[in-house]
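Lettering of chains follows the sequences in order, A, B, ..., and the numbering in each one begins at 1.
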Amino acid sequence: MTVSHPASAALESRPTPLLPMPQQPANPRLLDHPGSEESRLEKIARGQSAPAHVHAEIAQTDPVLRITSFSLWYGKKQALFDVSLCIPRGKVTALIGPSGCGKSTLLRSVNRLNDLIDTVRVRGEMQLNDDPIYRPSVDVIELRKRMGMVFQKPNPFPMSIYENVVYPLRIDGERDRRALHEVCERSLRGAALWDEVKDRLHESGLALSGGQQQRLCIARAIAGDPEVLLLDEPCSALDPIATSKIEDLLQELKGNYSVLIVTHNMQQAARTSDFTAFMYLGHVIEYGPTGTMFTNPHLRETNDYITGRFG
Amino acid sequence: MEPKKTYTGRPRRPRKTRSSVWLAEFASRRLITTGGIGTIVAIVTVFVFLLYVVGHLFLSASVTGQAHAEIDWAQAAPLQMGMDEDQLMCWALFPDGSLQLVRLDTGELLEKRNLFPDQHLTAVSFTPGGETTALGFEDGSVRMGTIRFDTSFLDPDELPDDVRGLEVGQAARVKSGMVLRTPQGQYRLQELAVDIKDPAKAARPSPVLLVDQSKTTTGQVVTVLTADGKLRLNTVLEKNNLLTGQTTYKLSGIDLPYAEYASTDPPLKLFMSALGDQIYLFWKDGRLVRIDARDKAKPMLAEVRDVLENGSLQVTEVRCLLGKGTFLVGDSSGRVRAWFYVPAEEAGRVVCAHDFPGTGAAVTALAVSDRSRSAAVAHRDGKIRLLFVTSDRVMAELDVSGQIPKSLVLAPKDDGLAAAAAGGIWQWTIDPLHPEITFKSLFSKVWYETHEKPEFVWQSTGGTDSFEPKYSLVPLIIGTLKASFYSLLFGVPLALLAAIYTSEFMHPKSKAVVKPTIELMASLPSVVLGFLAGLVFAQFVERIVPTVLASLFTVPLAFLVGAYFWQLLPDRLAQVLARGRFLFICLVMPPGLLAAIPVGALMEQVLFDGDLRRWLDGGGGSAVGGWVLVLLPLSAIVSVLLMGRYVNPWVRRQTIGLNRLKTALVDFGKFQSACAGTVLLAWVVALILDGFGFDARGLFLGPYSQRNALVVGFIMGFAIIPIIYTIAEDALSSVPEHLRAGSLATGATRWQTAIRIIIPTAMSGLFSAVMIGLGRAVGETMIVLMATGNTPVMNWSIFSGFRTLSANIAVELPDAVRNSTHYRTLFLAALTLFAITFVLNSLAELVRLRFRRRAYQL
């Protein structure tokens with residue numbers, strides 16, 4: 001069986017090796033006990049809790065963001081259940097899972113954008129570089145300045161490309177033209193957009209193509225010099241060529257930035273991330289290094305999902 | 001065979017569209033098309049109708065008929081002629097005292113009388129408007145009288161057959177008059193009615209050279225210049241003999257200062273003003289002497305001037321216009337210049353307000369209208385011009401084929417003209433239309449009688465017959481703009497800030513209550529608002545003007561102070577209280593209002609010399625106070641900008657590392673010094689402006705009238721807030737959520753997000769909101785009608801009333817005679833209003849499209 005991927009045709013000539021898609025379950029442990037225990041997914045669907053399976057490699061990483069027993073409710077409906085994750089520093093971590101599993105909710109909880117929704121309640125704690133995120137004394141504005149976020153739909157502001165990029169500096173009251181220009185160029189180079197727009201920095205950001213707009217948003221996120229980059233399905237609205245550019249970009253940003261990316265596209269997760277967390281209905285099912293997760297997942301549920309049996 | 005079942009179990013879906021659906025489709029399409037085209041047609045029709053009514057104003061007068069009759073008037077030219085209103089007959093008074101009545105169409109002599117068989121007529125003066133005529137005689141006596149046409153309706157049974165058979169519009173001679181069959185079929189007889197009173201004897205019998213009279217409130221006064229060089233201002237004393245029933249007249253008066261001119265040539269003309277307090281003497285050489293007789297005990301020679309301003313010319317004829325205020329001086333070059341007296345505190349003066357250039361041919365005769373400021377002037381080359389003096393307009397040019405016109409007369413309704421020359425009498429019927437209206441008289445300054453300088457004046461009706469309507473639309477346009485300006489000044493900031501607050505900051509639950517409440521304000525009928533404004537609010541404000549002015553500053557200041565206090569709260573407490581922030585904001589309002597009372601009193605004491613009203617009336621105190629008041633908002637803006645640019649970054653650098661409370665204290669201190677700086681800046685600029693002699697009184701401030709722009713600004717601002725608020729709030733709320741999230745995710749505060757992202761994106765909507773508010777303010781009628789006092793004064797003072805185009809139409813249209821100049825001018829006012837809103841809306845749409853192109857890309 002194959003997982004259809006819109007980008008696959010365009011990606012054939014890419015240097016990054018495609019990970020072999022497991023045609024057969026590769027992990028012998030899973031084969032040893034077929035149906036021996038009740039599926040975790042069924043338990044979760046019934047409303048019971050199931051502990052996440054976290055690979056041992058995670059414990060050896062240096063976490064930039066630590067999520068501890070985090071639960072979230074939209075009104076009466078619980079969307080996240082006791083989520084605990086450590087996001088390693090300088091790595092790309094992907095959140096995968098079927099629609100409605102709470103990936104985006106988790107991401108928006110990290111920079112407290114969910115505060116905008118009136119009915120949201122949370123329990124648990126998150127820490128960014130050991131600073132708490134959910135404490136009454138936390139200055140949300142300050143917190144958000146430490147993170148950059150890129151949304152599913154490109155959302156450049158209705159202003160020039162230049163102003164879009166330097167927006168984080170503008171709100172900080174930066175007036176030094178030289179500093180602004182330098183940040184603008186660096187961020188655009190970082191987002192691999194500089195060569196395309198350097199001659200029209202003062203045209204509207206909305207005049208760019210979809211892929212360029214998304215990279216502009218990444219440049220804007222970088223310009224704020226964040227500790228963590230949060231990417232919420234950044235390629236879902238883009239065509240394969242634009243997608244591949246952004247994926248290349250992620251490879252380049254890796255190391256300098258810690259990236260948390262939500263994606264629907266498992267091949268993208270496999271290609272771009274170092275660690276992958278699989279979520280289902282608000283629970284983390286399995287979390288481990290990407291290579292293991294895609295070639296040799298410890299849980300049959302993960303294997304079913306990545307092979308496309310469900311979801 | 002059973003039809004094959006489909007997947008859903010239903011019989012196969014019919015593929016054919018039913019005819020009723022087609023019919024509905026067809027009908028709705030036609031209906032929508034008709035409705036759309038109908039709307040356009042309706043608007044265009046209104047526009048065309050307005051244009052049609054207004055267009056008449058700008059048409060020139062037309063000559064509709066011409067007749068010539070041979071009359072043998074070989075003797076001297078008539079001193080004065082008069083025409084009946086049907087333009088059938090004409091009387092003429094000759095220097096020998098004979099009065100002739102002739103038919104204009106045939107030249108037939110209807111009647112001839114010798115009015116003064118025993119006396120020798122030496123001087124005569126006729127006053128336009130059909131008033132009393134003064135006649136002076138060789139024996140020094142003066143007689144008053146009237147020569148006019150009397151109208152009566154005849155019983156058809158008593159008429160001869162040939163007269164009874166007249167068609168409508170035809171006329172025939174009956175006795176010594178003319179009978180006209182009117183359009184109603186009646187027989188109207190017009191006869192000459194002459195009523196000359198007995199002579200009033202003067203104390204010294206010397207031949208009268210010149211005479212003029214005026215009917216004043218204290219009785220008839222006559223000025224007489226006699227051959228012995230005396231110029232006397234007399235009152236006519238009337239004495240009834242109870243036994244005989246006879247009335248005798250006597251002149252009794254004072255000598256005017258004339259000795260200086262007694263030995264020279266006598267003047268050409270003598271006039272006295274309608275009030276009898278100014279006497280004007282015109283000489284052939286252009287000299288004009290004005291004698292001021294306001295103080296009867298001490299009349300004085302007030303002014304001597306040259307009305308020709310060209311030594312080679314001669315005055316050939318002088319006549320006064322209706323109202324006896326303006327004098328038309330015709331000279332030997334054919335010029336006609338209008339002079340009138342401009343009263344002033346110190347010394348009034350006679351000015352030349354209108355000048356009709358000459359053609360080279362001398363003026364031989366002048367005739368003035370009995371109902372308007374128009375006049376006819378005849379030239380030596382046979383040309384006759386019909387002038388409208390106030391609007392500087394030459395209405396028509398006529399010709400008597402080479403003859404020299406000796407005397408002219410205008411028909412009583414200004415719709416005809418007759419000229420006597422050696423070859424007989426020429427007659428024209430004229431449709432004068434609306435000679436007082438020109439683009440200049442509507443939209444630029446016109447010099448009206450007794451006004452000090454050319455001005456914009458709207459004054460459509462007056463108390464006397466000699467009143468001249470003044471139709472300048474400019475004061476009304478200014479009034480409209482002023483009303484809109486002050487109501488926008490008050491309403492727009494409130495409405496836009498409220499919209500920003502509700503869409504960006506308010507809790508959705510509060511918003512669900514607040515928004516409909518504000519929208520409910522729109523349902524208040526404007527007549528109720530106007531009623532409240534005019535009868536309640538205006539009187540309330542009048543009592544507490546300083547407090548109201550102070551509240552404009554104290555209330556916003558109270559909010560700012562409240563915000564800085566909020567920063568001083570401990571962190572935890574602020575977090576907890578933040579949920580009820582809206583309540584706290586509301587709590588700040590009453591202290592702000594209360595503070596206005598002492599602040600207002602202080603302001604009045606310090607800025608306005610203790611009494612604002614007296615200061616506004618121009619008494620006491622320097623101009624500094626007013627300037628401070630006007631400049632304070634500007635100075636606040638300047639200091640906010642300066643603070644943001646220079647002080648804030650510096651303060652931010654200095655406060656890095658301080659704790660929350662200390663930072664807040666520094667911030668509060670900064671705010672206080674900014675306030676002090678604002679006041680100081682305003683004061684310094686005010687001192688400078690005062691030093692240069694500028695005074696805000698007369699520009700933005702002025703004498704207080706109860707119904708004024710401040711009241712209208714408040715109430716009409718209140719009326720336009722809901723509409724601006726609703727549209728603006730919708731525009732702000734419809735900015736895509738992902739932009740808001742994007743901005744907040746970069747660490748921007750809500751205020752930064754609102755200012756930098758939301759407002760620019762929603763600009764097209766905000767702009768249309770303001771423009772729709774402006775449109776409402778421009779067209780609003782009831783509020784301005786009831787709360788402005790409707791005085792068409794022209795200034796930008798916030799304390800004075802005004803009259804808007806719309807209120808003017810509402811007030812005056814019921815009184816305007818259909819198709820009169822007034823009526824058509826009101827339609828022009830409507831058209832102007834239409835044009836203003838049209839231009840504003842078009843501009844708004846253009847700007848909005850520019851903004852929207854950007855928003856569409858989102």
> Any donor and acceptor pair, going by atom type alone, linking the side chain of Ser510(B) with main-chain N or O of Met506(B) inside 3.5 Å?
Replying inline: no

> Is the charged tip of Arg123(A) near the ring of Phe70(A): under 6.0 Å from the six-membered ring centre and within 45° of its axis?
Replying inline: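 Relative to the ring axis of Phe70(A), which defines the angle, Arg123(A) lies outside at least one limit.
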
> For Phe157(A), is the NZ or CZ atom of Arg220(A) found under 6.0 angstrom from the centre of its six-membered ring and inside 45 degrees of the ring axis?
Replying inline: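 Yes, a cation-pi geometry holds between Arg220(A) and Phe157(A).
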
>> Run the salt bridge (charged side-chain N to carboxylate O under 4.0 Å, His left out) test against Lys511(B) and tell me which residues pass, sequence neighbours left out.
In response: Glu729(B)

>> Within residues 745-754 of chain B, which residues come under 4.5 Å of chain A, heavy atom to heavy atom?
In response: Ala745(B), Thr746(B), Gly747(B), Ala748(B), Thr749(B), Arg750(B), Gln752(B), Thr753(B)

> Side chain, backbone, both or neither: which part of Arg170(A) has a non-hydrogen atom closer than 4.5 Å to chain B?
Replying inline: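 Backbone plus side chain of Arg170(A), per the 4.5 Å heavy-atom cut-off to chain B.
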
>> Is Ile141(A) in contact with chain B via its backbone, its side chain, both, or neither, using a 4.5 Å heavy-atom distance?
In response: both

> If you count the non-hydrogen atoms of other residues, nucleotides and ligands that lie under 6.0 Å from NZ in Lys145(A), is the total more than 12?
Replying inline: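 Yes, because the 6.0 Å sphere around NZ of Lys145(A) holds more than 12 heavy atoms from other groups.
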
> Would you call Arg146(A) and Asp225(A) a salt bridge, using N to O less than 4.0 angstrom?
Replying inline: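 No, Arg146(A) and Asp225(A) are not salt-bridged.
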
> Less than 4.0 Å between a side-chain N and a carboxylate O, is that true for Arg66(A) and Glu125(A)?
Replying inline: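 A salt bridge is absent here (no side-chain N lies under 4.0 Å from a carboxylate O).
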
